[in-house]
Amino acid sequence: MDQKVTLITGATGYIGGRLLTALEQRGYRVRSLVRDPKRLKNPLNQRTEIVQGNVFDPKSLDIALKNVSVAYYLIHSMGSSGDYEKQDRIAARNFSNAARTAGLERIIYVGGLGNSKEKLSTHLSSRQEVGSILRDSGLNVVEFRASIVIGAGSLSFEMIRALVDRLPVMITPKWVSMKAQPIAIDDLISYLIEALHIPAGQHGVYEIGGRDQVTYAEIMRTYARMRGKFLYMIPVPVLTPYLSSLWLGLVTPLYAHVGRKLIESIMFSTVVNNNRALKVFNTQPMGIKEAICKALKES
Ligand SMILES: NC(=O)c1ccc[n+]([C@@H]2O[C@H](COP(=O)([O-])OP(=O)(O)OC[C@H]3O[C@@H](n4cnc5c(N)ncnc54)[C@H](OP(=O)(O)O)[C@@H]3O)[C@@H](O)[C@H]2O)c1
């Protein structure tokens, strides 16, 4: 039988790369749309197809989406210079149009957690805007909204690791008391695979997170404890997002470029307010300690 193809965009990225391996291991017929195949992290299964393309090149999208039933949209433009919000809007429109023309059964997207009724950071509103542009296609869209993803190689986890590994004493701004609900990469991948098979009527937005709601300070303390490191935090009342971003750039130059765009989102709580995902999906997310322990074993 001619098995339909599942398309992964962003396969050279963190989540897309992990998902690609997981789908290959489960025997799915996978195609990945990549700008540069050399950036793929793991050797591919022989059955996996690669289409070299770009979300800003609609023709390449038509080729990538041929005979595809479900596509994962795991792309963002925060690594680029310039206005990433605008670029992500155009990219999502291109993908949404191409997916409608190709007659896809479903698009699965990972965006960011954050209460859409409140004012959000540029980064979080942009992530939610992308979800709504994908829904404008009229297709069945499953959008997962996640807080930080814990796993070796995830930008948000690597920033925490770099800070704690380098700074035994930290002057901490107010945002370290903001709550997040980190999710382990294995749990996110489990949700993404389950999303291929939920009934059509169950599409929509799902807020997902690990078992624990924790402050950024607690995440850093948990990480430090598990690494046997000393961590002393000195809270300061005022440290603007701009100063925080300069500080981050000094300590973690490798992550400074995207980190500066992300740090604004840390001022907003990213916890699950709607538990519908736990009723519809079988995934039973782990807590923060187990997630960090797994990430440390992977690195
Ligand atoms: N990681 C987290 O902690 C986290 C948390 C919550 C939500 N999310 C969401 O999950 C999604 C994926 O995140 P991630 O962490 O896996 O991102 P990532 O590692 O930064 O990967 C981004 C991917 O997008 C691709 N891309 C960028 N511009 C493109 C273009 N014009 N055409 C084709 N591909 C393009 C990149 O390809 P190149 O290799 O060519 O640059 C890369 O594969 C995003 O929507 C993100 O907001 C992530």
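Start at 1 and go down the list; that is how both ligands and their atoms are numbered.
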What protein heavy atom sits nearest [atom], and how far off is it?
atom: atom 7 (C) of ligand 1; result: Gly111 O, 3.3 Å
atom: atom 9 (C) of ligand 1; result: Val110 O, 3.5 Å
atom: atom 21 (O) of ligand 1; result: Gly13 CA, 3.3 Å
atom: atom 17 (O) of ligand 1; result: His76 NE2, 3.2 Å
atom: atom 4 (C) of ligand 1; result: Val149 CG2, 3.6 Å
atom: atom 10 (O) of ligand 1; result: Ile15 CD1, 3.3 Å
atom: atom 12 (C) of ligand 1; result: Leu74 O, 3.8 Å
atom: atom 5 (C) of ligand 1; result: Ser147 O, 3.1 Å

Inset, instruction - Mind checking whether Phe157 contacts ligand 1 via backbone (N, CA, C, O), side chain (CB onward), both or neither, at a 4.0 Å heavy-atom cut-off? - result: neither

Would you check the N or O atoms of [X], main chain and side chain alike, for any that come under 3.5 Å of an N or O of ligand 1?
X: Tyr109; answer: no
X: Arg127; answer: yes
X: Arg39; answer: yes
X: Ala146; answer: no

Inset, instruction - Apply salt bridge (charged side-chain N to carboxylate O under 4.0 Å, His left out) to the pair Glu143 and Arg145, showing each step before the final yes or no. - result: CA-CA 6 Å; Glu143 173 180 346; Arg145 293 188 178 165; 2.8 Å; yes

State the atoms of ligand 1, each with its element, that fall below the 4.0 Å cut-off from a heavy-atom position in [X].
X: Gly10; value: 23 (C), 43 (O)
X: Ser156; value: 2 (C), 3 (O)
X: Phe56; value: 31 (N)
X: Tyr14; value: 16 (O), 18 (P), 19 (O)

Inset, instruction - Verify, without hydrogens or angle tests, whether Asp57 (side chain) and Gly53 (backbone) share a donor-acceptor contact under 3.5 angstrom. - result: no

Legend entry - Residues Arg26 and Glu24 bridged, charged N to O under 4.0 Å: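 Glu24 and Arg26: not salt-bridged.
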
Inset, instruction - Pick, from Leu19, Thr9, Thr12, the option with the minimum heavy-atom distance to atom 36 (C) of ligand 1. - result: Thr12

Inset, instruction - Check the surroundings of atom NZ in Lys86: do more than 12 heavy atoms from other residues, nucleotides or ligands lie under 6.0 Å from it? - result: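 Incorrect, the count does not exceed 12.
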
Legend entry - Lys229, NZ: over 12 other non-hydrogen atoms inside 6.0 angstrom: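 Yes, the 6.0 Å shell around NZ holds more than 12 heavy atoms from other groups.
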
Inset, instruction - Over 60° means perpendicular and under 30° means parallel, so classify the ring planes of Tyr73 and Tyr109, tilted if in between. - result: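 Aromatic pair Tyr109/Tyr73 classed tilted.
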
Quick one: do the [X] and [Y] side chains pair a donor with an acceptor below 3.5 Å?
X: Ser96; Y: Asp136; value: no
X: Thr122; Y: Glu85; value: no
X: Arg106; Y: Asn140; value: yes

Inset, instruction - Please report the shortest heavy-atom distance between Gln87 and Ser80, naming the atom on each side. - result: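 Scanning both residues, the minimum pair turns out to be OE1-OG, 3.1 Å.
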
Legend entry - side-chain hydrogen bond (donor to acceptor under 3.5 Å, both in side chains) involving Asn275 - partner list, sequence neighbours excluded: none

Inset, instruction - With rounding to the nearest 0.5 Å, note down the distance linking CE in Met286 to CD1 in Ile292. - result: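 These two atoms lie 11.5 Å from each other.
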
Inset, instruction - Can you sort out the partners of Phe281 under ring pair (Phe, Tyr, Trp, His ring centres under 6.0 Å), two or more places apart, ordered by chain and number? - result: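 Ring pair (Phe, Tyr, Trp, His ring centres under 6.0 Å) check on Phe281 returns Phe144, Tyr191, Tyr206.
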
Please verify whether a non-hydrogen atom of [X] lies at under 4.0 Å from ligand 1.
X: Asn54; value: yes
X: Ser80; value: no
X: Ser154; value: yes

